[in-house]
Amino acid sequence: MENVFDYEDIQLVPAKCVVNSRSECDTSIEFGGRSFKLPVVPANMQTIIDENIATYLAKNNYFYIMHRFEPEKRIDFIKTMREQDLFASISVGVKDDEYAFVESLAENNLVPEYITIDIAHGHSEPVIRMIKHIKKHLPDSFLIAGNVGTPEAVRELEHAGADATKVGIGPGKVCITKIKTGFGTGGWQLAALRWCAKAASKPIIADGGIRTHGDIAKSVRFGASMVMIGSLFAGHEESPGDTIEKDGKKLKEYFGSASEFQKGEKKNVEGKKMYVEHKGALQDTLTEMEQDLQSSISYAGGRQLDAIRTVDYVVVKNSIFNGDKVF
Ligand SMILES: NC(=O)C1=CN([C@@H]2O[C@H](COP(=O)(O)OP(=O)(O)OC[C@H]3O[C@@H](n4cnc5c(N)ncnc54)[C@H](OP(=O)(O)O)[C@@H]3O)[C@@H](O)[C@H]2O)C=CC1
Ligand SMILES: Nc1nc2c(ncn2[C@@H]2O[C@H](COP(=O)(O)O)[C@@H](O)[C@H]2O)c(=O)[nH]1
């Protein structure tokens, strides 16, 4: 692998502006047969999304993926979304119970519009088996499989039937995979995304390592159809994590899905817990993301998100922040 870089090593090069106002720029994206306001999805983690946030996002034309850590709630979740005429987007694992769960969805005609197989090491036979199982029983669900970090993995999961793949092993803010195992795309996530996107014949979700809104535009430039984000969505008023107060400041918890806090035991721990500053309303962040991405599109010299995909870029190794503290 040559040309290894990450988000902070890249700047996109401006092209001549064709709009009179950034408000003319359209950030929407088609993904899995639906149109969404942003190419962004909050991470399917327990301190990032819950049923209320999922409902809010679906009602307001944002993509969401519900987490899989309260498996017993998934059937009711799908039913509730149906009653409100909203799309259902759930996560599954690959353990034995999940096979029966998928079959029960089909038997009860509870077909979610989106299903995500959410596994640390997605380039594996259990994931390929689950892709085939889901495609056999729920062929109409749009199936996202991950996580992976190589073109071989993208091709293999696509070949097995995945409709999209999720790229990112170890770049997450609460991830310790890179430290505990020595493996992953942490530190070169953007280059890994580029590498995977070149091999992909279906959409890719870039997952993890987004620290600024500009990183969303960079992900789109390097091949992402969607960008999954945890830490920037943590700490909102609506976020499920506990709130604490320290030195007069309100903080909210954000923990990894493979952390001891999630698992309830100290076994194969590859995630940690941290506290992030309380951020106010989720919609304010979504609005700011949209405005920033509209601005990105204007700098790309276009009116639509696709304009970003073809802009020039330069590699400016570790220098773009000039010492500014942004995270
Ligand atoms: N994106 C990322 O970088 C990472 C994300 N995570 C998140 O943590 C959560 C838990 O993930 P995960 O542990 O996969 O889920 P599970 O605990 O549901 O494990 C899924 C299955 O995969 C096996 N498994 C897990 N890791 C490996 C591995 N490295 N090699 C071989 N088999 C493995 C498990 O067995 P056994 O446990 O016995 O090995 C189990 O049978 C998910 O939400 C995942 O997205 C976790 C780590 C990295
Ligand atoms: N290695 C681990 N990765 C994890 C864990 N829990 C979640 N994740 C991944 O992180 C992203 C979010 O990244 P962020 O940089 O935006 O905060 C999430 O979507 C997962 O892919 C974990 O315990 N270990």
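Heavy-atom basis, side chains included; hydrogens, waters and symmetry copies ignored. Note that ligands are numbered from 1 as they come in the structure, with each ligand's atoms numbered from 1 the same way.
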Practice prompt. Using distance alone, determine whether Gly209 and ligand 2 share an N or O pair under 3.5 Å.
Written response: yes
Discussion item. Run the salt bridge (charged side-chain N to carboxylate O under 4.0 Å, His left out) test on Lys218 and Asp9 for me, step by step, so that the C-alpha distance in whole Å, both residues' side-chain angles and the decisive distance to 0.1 Å come before the verdict.
Written reply: CA-CA 11 Å; Lys218 292 178 190 178; Asp9 305 319; over 6 Å; no
Worksheet item: Which residue from Lys95, Arg68, His121 reaches closest to atom 15 (O) of ligand 1 through any of its heavy atoms?
Response: Arg68
Item to complete: Return the option from Gly186, Ala120, Ser124 holding the heavy atom at the smallest distance from atom 46 (C) of ligand 1.
Response: Ala120
Worksheet item: N/O of Gly168 under 3.5 Å from N/O of ligand 1, yes or no?
Response: yes
Item to complete: Using distance alone, determine whether Val94 and ligand 1 share an N or O pair under 3.5 Å.
Response: no
Discussion item. What verdict does the salt bridge (charged side-chain N to carboxylate O under 4.0 Å, His left out) test give for Lys73 and Asp76, after you've listed the backbone C-alpha separation in whole Å, the side-chain angles of each residue and the deciding distance to 0.1 Å?
Written reply: CA-CA 6 Å; Lys73 287 186 169 181; Asp76 280 345; over 6 Å; no
Worksheet item: Taking non-hydrogen atoms only, is Lys166 closer than 4.0 angstrom to ligand 2 via side chain, backbone, both or neither?
Response: neither
Response to the item:
Note: Ser231, heavy atoms under 4.0 Å from ligand 2, region reported as both
Worksheet entry | Where ligand 2 meets Gly271 - atom numbers and elements under 4.0 angstrom, heavy-atom basis | 22 (C), 23 (O), 24 (N)
Fill in: Test item: protein heavy atom less than 4.0 Å from atom 9 (C) of ligand 2
no
Discussion item. Please classify the Met45 to ligand 1 contact at 4.0 Å (heavy-atom distances, strictly less than): side chain, backbone, both or neither.
Written reply: neither
Worksheet entry | Heavy-atom side-chain proximity of Leu232 to Asp215 below 4.5 angstrom | no
